[in-house]
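These numbers were taken from a predicted model, which means no experiment stands behind them.
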Amino acid sequence: HPERTLPVTIDVGTNTERYLQDPHYLGLRHERVSGEAYDELLEEFVTAVKARWPHCLIQFEDFGNNHAFDLLNRYKDRVLCFNDDIQGTAAVALTGFYSALRVKGGALADERVLFLGAGEAATGIATLIVDAMEDEGMDRQEALRHCALFDSKGLVTSHRTGLAHNKVPFAHDLPDCKTFLEAVRAFKPTAIVGVAAQPKAFDEAVLKEMAALNERPIIFALSNPTSRAECDARTAYEATDGRALFASGSPFAPVTLGDKTFVPRQGNNSYVFPGLGLGAVFSKASTMPTGMFLVAARELARLVKPEDLEQGSLYPALSEVRSVSCRIGAAVAEYAYTHGLAGNDRPADLEAAIQEDPLFAQAMVLGDDRPFISAIAVVNPDVWTKFCEELGLDPADPASLKSKEAKTAALRRIKHATRGFPNYGVPPQVTLLADDWSIESGFLTPTLKLKRRVVMATYAKEIEEMYEALERKSA
């Protein structure tokens, strides 16, 4: 629910020189902090959050490979948290495999998966596939041999030295392959998964090789935006004579081949992360172990209808995401109750209780008409003070932040300061679910106190409306 969710961007500096030289840049003016100072900051933040809101869920988002795995490993058994880039992406991808198996038959243990990419998404998906295979009875070491990675240097093998720790479990005794086509021929996968943002890497030669190896090849081109997709839907279907089981990270239009129309759907994290958060917060779970992500993936797969599969859709329609979230939330909460992780008693009718809970029910009613909190920055207090001074505002006087003139001025300033930020590659974000943010007329100050930092926020809907008003006025 919007009033119980706060996105927080943690500013540790920037390595982008033009931002450092921009006099209007709002962030910290130094290169990114790393090492012990970085770890201390995150420890301070997580500790403060858990002290203030013991049942708060922390969702890590957009952290780079050099921090994401370490942070997840450090906190996943200490606090209620998950990393959506690693675990949410993995759960959605695993759903795609379960859906594909409903079409082609067989078991997950029969699959051999080759990943184009070896970062958070690739190793996150591979790890959850291995977890699922092990959960279904396969020896873990054997399951690991069913997944292989292809990175910027080629096929990841046990002959390579200096591998990142997240790649090591998937480094096998395989030939050294420098092209992805060579890797496909060497590993003979039943599925290829693209998560490296290498456009058209799944070219006709790769797709035809997959079609030669498999009656129903699984082709997941999960990179986005569309311009970075490994292949488009039409190419996947045409190169495999309509036999591909295809999913993507970007939207593609339906494809008609002969008398058959395929409706490809996105393997979008939005299918699972709302339900994961909903179930964990509802049950007041202490942690989020791997089992929660497995039940989320399996529940989502059960919600794919036969008519979806018939048209080549491996996921439900995104228009069903609210009901999907409720069902996944109930499955995740059930796991918490069954495994002794819950901090409250299980309701007799769990799904009905979740539907009636304000965290879910009010969001159902309000939908997209409710302003939601979007633009957040954790900044140096000196920067915030300077920001207010430039606008003629008194940060100690909430009344000075309430006027329309103040909001318009702030909007103009924020728009200028963030004009260079792309849609992708935004700074790392931490999403918190809690229930008592203190809201003041568009500006929000949570009752979370950090020693050296403050939190500032604005409503996204108000920002959009002000943009439109300013543009109309300029015209």
Side-chain angles (χ1 to χ4, degrees), residues 72 76 82-138 140 142-149 166 169-170 189-195 216-223 245-249 264-277 279-280 288-304 308-309 313-316 318 321 324-325 327-329 331-332 335:
L72 182 59
K76 65 184 177 67
F82 75 100
N83 183 305
D84 186 50
D85 300 307
I86 298 173
Q87 297 165 294
T89 299
V92 172
L94 181 58
T95 290
F97 278 93
Y98 283 128
S99 295
L101 290 171
R102 288 172 59 186
V103 177
K104 65 181 286 190
L108 189 63
D110 301 325
E111 300 303 311
R112 291 173 60 81
V113 188
L114 176 62
F115 292 84
L116 178 60
E120 294 174 52
T123 55
I125 297 169
T127 298
L128 195 64
I129 289 174
V130 170
D131 291 333
M133 288 178 172
E134 183 181 27
D135 187 61
E136 294 167 14
M138 180 179 276
R140 188 170 187 85
E142 175 62 23
L144 285 167
R145 287 191 285 273
H146 282 241
C147 295
L149 309 174
N166 57 301
F170 305 101
T190 59
I192 52 175
V193 178
V195 282
R216 298 303 303 269
I218 296 174
I219 311 294
F220 288 175
L222 300 183
S223 294
L245 294 162
F246 178 81
S248 61
R265 287 189 178 144
Q266 292 174 260
N268 196 306
N269 290 25
S270 62
Y271 283 115
V272 296
F273 74 77
L276 286 165
M288 296 186 72
T290 297
M292 284 190 178
F293 300 93
L294 293 179
V295 299
R298 290 163 179 163
E299 183 63 27
L300 178 57
R302 279 191 285 271
L303 297 175
V304 181
D308 292 325
L309 297 176
S313 302
L314 303 183
Y315 297 94
L318 269 175
V321 72
V324 166
S325 295
R327 293 284 295 274
I328 292 176
V332 169
Y335 185 95

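- Here the side chain of His146 pairs no donor or acceptor atom with the backbone of Arg112 at under 3.5 angstrom.
- The distance from the CZ atom of Phe293 to the CG atom of Leu128 is 8.5 Å, given to the nearest 0.5 Å.
- The shortest heavy-atom contact between Phe246 and Pro264 is CD2-CB, 3.8 Å.
- Between the side chain of Thr89 and the backbone N or O of Asp85, at least one donor-acceptor pair lies under 3.5 Å.
- A distance of 13.0 Å separates CD in Gln87 from CG in Leu94, rounded to the nearest 0.5 Å.
- Between Val321 and Ser270, the shortest heavy-atom contact is CG2-O, 3.3 Å.
- Residues Glu111 and Leu101 come closest through the heavy atom pair OE2-CD2, 3.4 Å.
- Of all non-hydrogen atoms in Val272 and Gly88, the two that sit nearest each other are CG2-O, 3.6 Å.
- Between Phe97 and Phe220, the two ring planes are perpendicular [angle over 60°; tilted spans 30° to 60°].
- The shortest distance between side-chain heavy atoms of Pro217 and Leu245 does not fall below 4.5 Å.
- The minimum heavy-atom distance linking Gly124 with Ala90 is given by the pair O-CB, 3.3 Å.
- In summary, the side chains of Gln266 and Ser248 do not present any donor paired with an acceptor at a separation below 3.5 Å, with no hydrogens or angles considered.
- A distance of 13.0 Å separates CD in Glu299 from CG in Leu294, rounded to the nearest 0.5 Å.
- Interatomic distance, Thr190 OG1 to Lys104 NZ, rounded to the nearest 0.5 Å: 4.5 Å.
- Using a 4.5 Å cut-off on side-chain heavy atoms (C-beta onward), Phe273 and Ile328 make no contact.
- The closest donor-acceptor contact from the side chain of Tyr271 to the backbone of Pro316 lies under 3.5 Å.
- Residues Asp131 and Arg140 are in side-chain contact: their nearest non-hydrogen atoms beyond the backbone lie under 4.5 Å apart.
- Distance alone, capped at 3.5 Å, places no donor-acceptor pair between the Asn269 side chain and the Val92 backbone.
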Please step through side chain to side chain contact (heavy atoms under 4.5 Å, CB included) for the pair Tyr315 and Asp308, ending with a clear verdict.
CA-CA 7 Å; Tyr315 297 94; Asp308 292 325; over 6 Å; no
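- Val304 and Leu314 get closest at one heavy-atom pair: CG2-O, 3.4 Å.
- Atom CD of Glu136 and atom CG of Leu108 lie 5.5 Å apart (nearest 0.5 Å).
- Under the 4.0 Å criterion applied to side-chain N and carboxylate O atoms, Asp135 and Arg298 are assigned as salt-bridge partners.
- Residues Ile192 and Ile219 form a side-chain contact, since some pair of their non-hydrogen atoms from C-beta on lies under 4.5 Å apart.
- Here the CD1-CD1 distance, from Ile125 to Ile86, works out to 11.0 Å after rounding to the nearest 0.5 Å.
- Using a 4.5 Å heavy-atom threshold, the side chains of Thr127 and Phe170 count as touching.
- For the pair Glu142 and Met138, the minimum side-chain heavy-atom distance is below 4.5 Å.
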